[in-house]
Amino acid sequence: MTTLETRADALARVAPALHRLEIETPSWGYGNSGTRFKVFPQPGVPRDPFEKVEDAATVGRYTGVAKSIALHIPWDMVDDFSALAAFARERGVRIGGINSNTFQDEDYKLGSLCHPSAGVRAKAIAHVLQCCEIAQHTSSAVVKVWLGDGSNYPGQDDFRARRKRLIDALKEIYPALPAGARMLLEYKFYEPAFYHTDVQDWGQALTVCQHVGERAQVCVDTGHHAMGVNIEQIVAYLLQEGRLGGFDLNDRKYGDGDLMVGSLDPYQLFRICQGLVKAMQDAADPVARRCAEETVYMLDQSHNIEPKVPAMIRSVMNLQEAFAKALLVDLDALGRAQSDGDVLEANRVLKDAYDTDVRPLLAACRAEIGLPEDPYRAYLASDEQQRRVDSRVGGVAASWK
Ligand code: RM4
Ligand code: MN
């Protein structure tokens, strides 16, 4: 924002884009979770996918932008997915991406889609095909594949052979995607495998997608990189290739921390958003522009010690703040500074936008459409949490394992 710009100008510029920004929350972020050391249960957490949908709908109601919930199969298995989708619709949310899970079955010890045995690969393929079928019932536009595949010791398996198995498997699955739906392939640099991971980074994910088909795209989980990796640069290149499918958003200090997005490094989140906002307005690069417009913003977070619904609300607000700041970047001034080679001015333009306190602006945007100005405080002041604790007694609380 330039110093001359008024709050009304800023509001007019930022509000339409902010109202359009849709954020997907993950079903697993509402259940109990923890580390491999301990899962700490909380009272009032959902006991089944329907109650997870209720929580997602609550986040949607308070924030106005969390309009879909991602499912994880088999964690969210139900008998009738069309009924779950209808239940969601009645509460004002959609079923979003269907996340496959090929990392928790005994058979997957040596991998799933990359496994040396054709039998195990067939089982993993059948699972992802089942996810495609579920996507059909829920009208989901995304089927996501994240693999725990890899090896622990040098010599354990052959890199190229495994990659070929993966490409062949995804090619077999691809035609089963619902019409217009996309396959998102997510990378992670290590874990659970410690020596090599089959889809370890964005380049590996991208080249596999290129073999599979146009609608195979890369998912960037912000927690899945080595320290210091320039994620906004990766995002820029994936946009340019038209292959950025979506984000799994979270934050972390070290490994895959699954902390609230923007809680540790909001400046990095801002830089990522800035690349997206710029691409959305880039008439000279229609591929990047379209790709940015279709990018899915999903939160991939597990709330281990913090209350879950308010953590989700805060995460949504953090992302909105990063986006609002990105929208305030004066792109003309930035472009001029870049072509003049004015290093300091270019950086100032970015930093000025980042340093703007956008919270009053966001409060005004929300008020404009009848939402609470501060969704987090409004939720805390309501009886929502108590009602959950009182009504969700008995049964088994949903948990990530
Ligand atoms: C993985 C990856 C996937 C998520 C699972 C729970 O590390 O991030 O996206 O579905 O965790
Ligand atoms: Mn993820």
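Atoms within a ligand are numbered from 1 in the order they appear, just like the ligands themselves. Side chains are part of it too, since the values below use all heavy atoms of this structure and drop only hydrogens, waters and symmetry mates.
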**Q.** Verdict with supporting geometry, T102 and H127, side-chain hydrogen bond (donor to acceptor under 3.5 Å, both in side chains)
**A.** CA-CA 8 Å; T102 54; H127 169 71; over 6 Å; no

Q: Give the total of protein N/O/S atoms at a distance below 2.8 Å from the Mn ion (ligand 2).
A: 4

**Q.** Other residues, nucleotides, ligands: >12 heavy atoms within 6.0 Å of E214 CD
**A.** no

Q.
For the backbone of S68 and the side chain of R94, can you confirm whether one donor and one acceptor N or O come within less than 3.5 Å of each other?
A. no

**Q.** Residue pairs passing the side-chain hydrogen bond (donor to acceptor under 3.5 Å, both in side chains) test where at least one lies in residues 168-183, sequence neighbours excluded
**A.** K164-D168, R182-Q217

Q. If you look only at pairs with a residue in residues 356-387, which of them pass as a ring-ring contact (aromatic ring centres under 6.0 Å, His included), with sequence neighbours excluded?
A. Y62-Y379

Q. Given the side-chain rings of F103 and Y108, with only the six-membered ring counted for Trp, is the space between their centroids under 6.0 Å?
A. no

Q | Pocket residues of ligand 1, ordered first by chain and then by residue number (heavy-atom cut-off under 4.0 Å) | A | H72, W75, W146, E186, K188, D221, H224, D248, D256, D300

Q. Is the distance between the ring centroids of F50 and F87 less than 6.0 Å?
A. yes

(Q) Determine whether a donor-acceptor pair (N or O, by modelled atom type, separation under 3.5 Å) exists between the side chain of S391 and the backbone of R387. (A) yes

Q: For this output row, return yes or no: ring centroids of Y187 and H225 closer than 6.0 angstrom.
A: yes

